[in-house]
Amino acid sequence: MEYKGFFVLRLILCFVFSILHLVHGDLSYSFPEELNRGAVIGNVAKDLGLELGILSSRKARVDFERNRKSYCEINFNTGDLMTSERIDREILCAKRPSCVLKADLVLENPLELHRVTFHVQDVNDNSPKFRENFIKMEIRESAEKGARFSIEVANDADIGQNAVQQYVIQKNDNFILSLDNKKVELVLENKLDREKQKEVNLLLSAIDGGSPQRSGTVAIHVSVLDANDNAPLFSQPVYKTSLPENSPLDTVVVTVIATDADEGVNGDVTYQFGHASEDDANLFSINSKTGQIKVTGVIDFEEISSFEINVQAKDGLGLTSYANVLIDVTDVNDNAPAIYLKSLSNPIPENVPPGTEVGIINVQDRDSEKSQQVRCSIQQNVPFKLVPSIKNYYSVVTTGKLDREIVSDYNITISATDEGSPPLSSSKTVHLSVADINDNPPVFEEQSYSAYVSENNKAGSTLCSVTAQDPDWRQNGTVIYSLLPGEVNGAPVSSYVSVNGDTGVIHAVRSFDYEQFRSFKVHVMARDNGSPPLSSNVSVSVLISDVNDNYPQILYPTSEGSSFMTELVPKAAHGGSLVSKVIAVDADSGQNAWLSYHIVKSTDPGLFTIGLHSGEIRTQRDISESDSMKQNLIVAVKDNGQPPLSATCAMYLLISDNLAEVPELKDISYEENNSKLTSYLIIALVCVSTFFLTFIIIILGVRFCRRRKPRLLFDGTVAIPGAYLPPNYADVDCTGTLRSSYNYDAYLTTGSRTSDFKFINSFYSFKPSFLFFPCQEHCQYIFLNLKCLR
Ligand SMILES: *[C@@H]1O[C@H](CO)[C@@H](O)[C@H](O)[C@H]1NC(C)=O
Ligand SMILES: *[C@@H]1O[C@H](CO)[C@@H](O)[C@H](O)[C@H]1NC(C)=O
Ligand SMILES: *[C@@H]1O[C@H](CO)[C@@H](O)[C@H](O)[C@H]1NC(C)=O
């Protein structure tokens, strides 16, 4: 009846508790021990109302307290909670009336914890067992009716109903069984008579209440002796004591004392342990003479917090009695907190915003009470902190921006300290890498680049090289160079230069001509290989320098028809009078276009000089009657380049005041000694020319008469052919160098419609009529008026 009432009460309590658990959103499962591996004990998906997919995506798992091995696992396909190994309640909980395993059901992202309680129910898998198979007793025949003899109880590892419930003794004449307060005693009902029966054999069975029932049996052999005596008697039935864990070996725990009223052998008490598990028996020893119990092993509060040891005292004649020793182990702060890394995102991209959770840690301390309180921190100067989460879980969270280009990996040391005294601490280092994001564009080493190249360079020659740096990782930091599209003088830049995509070296695609252009600008882009790529660009100025590659060009006197270009020198010219001027230009610039004039050969070396830089030909002294009428000069024009280039021309001068002498001019250039041959040639030429002229005049006369339209015979003036004028007219300077542009400007700006201007027009035209024009004064006038117009 008592048992039944207790059972009902327990049922009600259980019911109330499970309702409470549900209310708190916690899970509670109850299942028998010794299930096969993989047995289903519940369905967490159903119980938590979660969809099946969520279990795996949120890494659902069951963490047992103290990070013990896992007894259960979750089947993500069905949501079933299954045992992952056989669970033996007797190993886990020994004699404790309720065997409860506590665990956390952990879901990540976000972290969510559910308390899970597993009640392991007992199964009747152990039989009652006596310590020995055979008990020997000696009882005096003088023992009175009603005398009691203790028998050691049988042990059953199971609990509750499954533990020993009753004892049964084989039917016999002398003894009955007495069960009182869990003490088993043989009670003498009929006095023994040694003369009738020297020994009595009995069978005692212990039976448990499980289903099916199990039982254990001991044989009791009673020798009937002639006399009577007393059993030893313990000073107290239960010895209670406490023992700090980690007590050194041989520490005395307690001393038990039993006394026996008898004398001699009958009063000699020896002690030994009664029922004890093997583990317990190895931790303590009892001195059989003194009853002193000592420590012989390592006492660990975290393993076993209390011991209950049965002690037997036995006198010389084999009478025994029993007492219990209860040892409470007290906790000492001997366990440092343990830090477990539960999850970690590694590597983390460098662009995660501050406050991103990168990992979860769990801290546990096996000690109890204060020694179990743990504080956790990150000490170093790293951009991470710990945010306390549920219970003793912490999130590792970034506190600032990360930059892989500055710090690419972190060793985060997490330390945990408990509040025991003295406190214990431990630390754990978590290695975290930062993954690259393409967040840096390539940067050129210089703001802009200039390349200097001499004109007439070879196509393909190197001009310069540009370099850009990108600190990103691998392809995010790989720089590729290219030309930005653009135009130079109307042509695409790619027809001028090219850039090597890998090295940034810029090559000329063609040969440059300083006389065409002196500089141009291109833009080079550096792009990395990320996706999307980042780029920057830089301007590269290509500056072309001049090379002395143009010969001076003599505009006057022209080389064609040179034999006809003749200057008249008045006979009365004084020393220093300007006679003529050599006009030359050079398409180069600077020193390469700085011209100097020299007379290299002359009929009368003392008569004429030429201005070194002006090219003006002057008489050196007064003309005298004795001077030859025909004078010719060979003038060299030389530029100042390295090496210098030069050109020569011939100038024919006629000292005469009279145009009538002109026909003789043709002879001027000829040497006296071969005049006979040349005379013939000249006569022939004059004849042909005269004939030709006459013919033309006749034809023109005829046409003129018919149309009656007045027309100037050789009126159309021909401008100086473009070929004479180099392309860089626009750049006129006053460096004292006489350049083509100098002259050209002079022509264009002599704006008044004077005869001089007209003259100059005809002066450079190629008309036979002009060649014989007496131009001395005009020439002088024009030349003196040449001036720099800028
Ligand atoms: C982190 O620790 C590892 C191993 O101890 C070491 O090789 C590495 O250099 C450390 N990194 C930093 C950033 O301290
Ligand atoms: C480059 O950057 C992108 C994002 O910008 C990233 O996804 C990729 O992993 C990076 N590559 C490397 C090699 O780190
Ligand atoms: C070149 O760089 C400048 C700034 O440095 C930028 O404004 C421009 O858009 C870039 N051009 C190209 C074609 O990328």
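Note that ligands are numbered from 1 as they come in the structure, with each ligand's atoms numbered from 1 the same way.
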Pairs under 3.5 angstrom only: tabulate donor-acceptor contacts from the side chains of residues 331-339 to other protein residues two or more places apart or in another chain.
{"residue": "D331", "atom": "OD2", "partner": "S368", "partner atom": "N", "Å": "2.9"}
{"residue": "D331", "atom": "OD2", "partner": "S368", "partner atom": "OG", "Å": "2.9"}
{"residue": "N333", "atom": "ND2", "partner": "D418", "partner atom": "OD1", "Å": "3.1"}
{"residue": "N333", "atom": "ND2", "partner": "D418", "partner atom": "OD2", "Å": "3.3"}
{"residue": "N333", "atom": "ND2", "partner": "P422", "partner atom": "O", "Å": "3.0"}
{"residue": "D334", "atom": "OD2", "partner": "N246", "partner atom": "ND2", "Å": "2.9"}
{"residue": "N335", "atom": "ND2", "partner": "E302", "partner atom": "OE1", "Å": "3.1"}
{"residue": "N335", "atom": "ND2", "partner": "E302", "partner atom": "OE2", "Å": "3.4"}
{"residue": "N335", "atom": "ND2", "partner": "D367", "partner atom": "OD1", "Å": "3.0"}

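Side-chain atoms of H507 and N500 form no donor-acceptor pair, as typed in the model, at a separation below 3.5 Å. D47 and Y29 are linked by a side-chain donor-acceptor pair at a separation below 3.5 angstrom, with hydrogens and angles left out of the test. Judged purely by distance below 3.5 Å, without hydrogens or angles, the side chains of N351 and D439 never pair a donor atom with an acceptor atom.
Distances between N or O atoms of S535 and those of ligand 3 include no value under 3.5 Å. At a 3.5 angstrom cut-off on N or O pairs, N411 counts as close to ligand 1.
Residue contacts with ligand 1 for D409 involve both N, CA, C or O and side-chain atoms from C-beta outward (heavy atoms, distance under 4.0 Å).
Scored by the ring-ring contact (aromatic ring centres under 6.0 Å, His included) test, Y481 finds no partners at all (sequence neighbours excluded). Residues satisfying the salt bridge (Lys or Arg N to Asp or Glu O under 4.0 Å) criterion with K385, sequence neighbours excluded, are absent altogether.
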What are the atom names and distances for all N or O pairs under 3.5 Å between ligand 2 and the protein?
{"residue": "ligand 2", "atom": "2 (O)", "partner": "N438", "partner atom": "N", "Å": "3.2"}
{"residue": "ligand 2", "atom": "2 (O)", "partner": "N476", "partner atom": "OD1", "Å": "3.3"}
{"residue": "ligand 2", "atom": "2 (O)", "partner": "N476", "partner atom": "ND2", "Å": "2.3"}
{"residue": "ligand 2", "atom": "5 (O)", "partner": "N438", "partner atom": "N", "Å": "3.0"}
{"residue": "ligand 2", "atom": "11 (N)", "partner": "N476", "partner atom": "ND2", "Å": "3.1"}

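Close approach to L484 involves these atoms of ligand 3, each under 4.0 Å from a residue heavy atom: 13 (C).
The side-chain hydrogen bond (donor to acceptor under 3.5 Å, both in side chains) test with N440 is passed by exactly one of D472, D528, D403: D472.
Using a 30° and 60° split on the angle between ring planes, F512 and F520 fall in the perpendicular class, above 60°.
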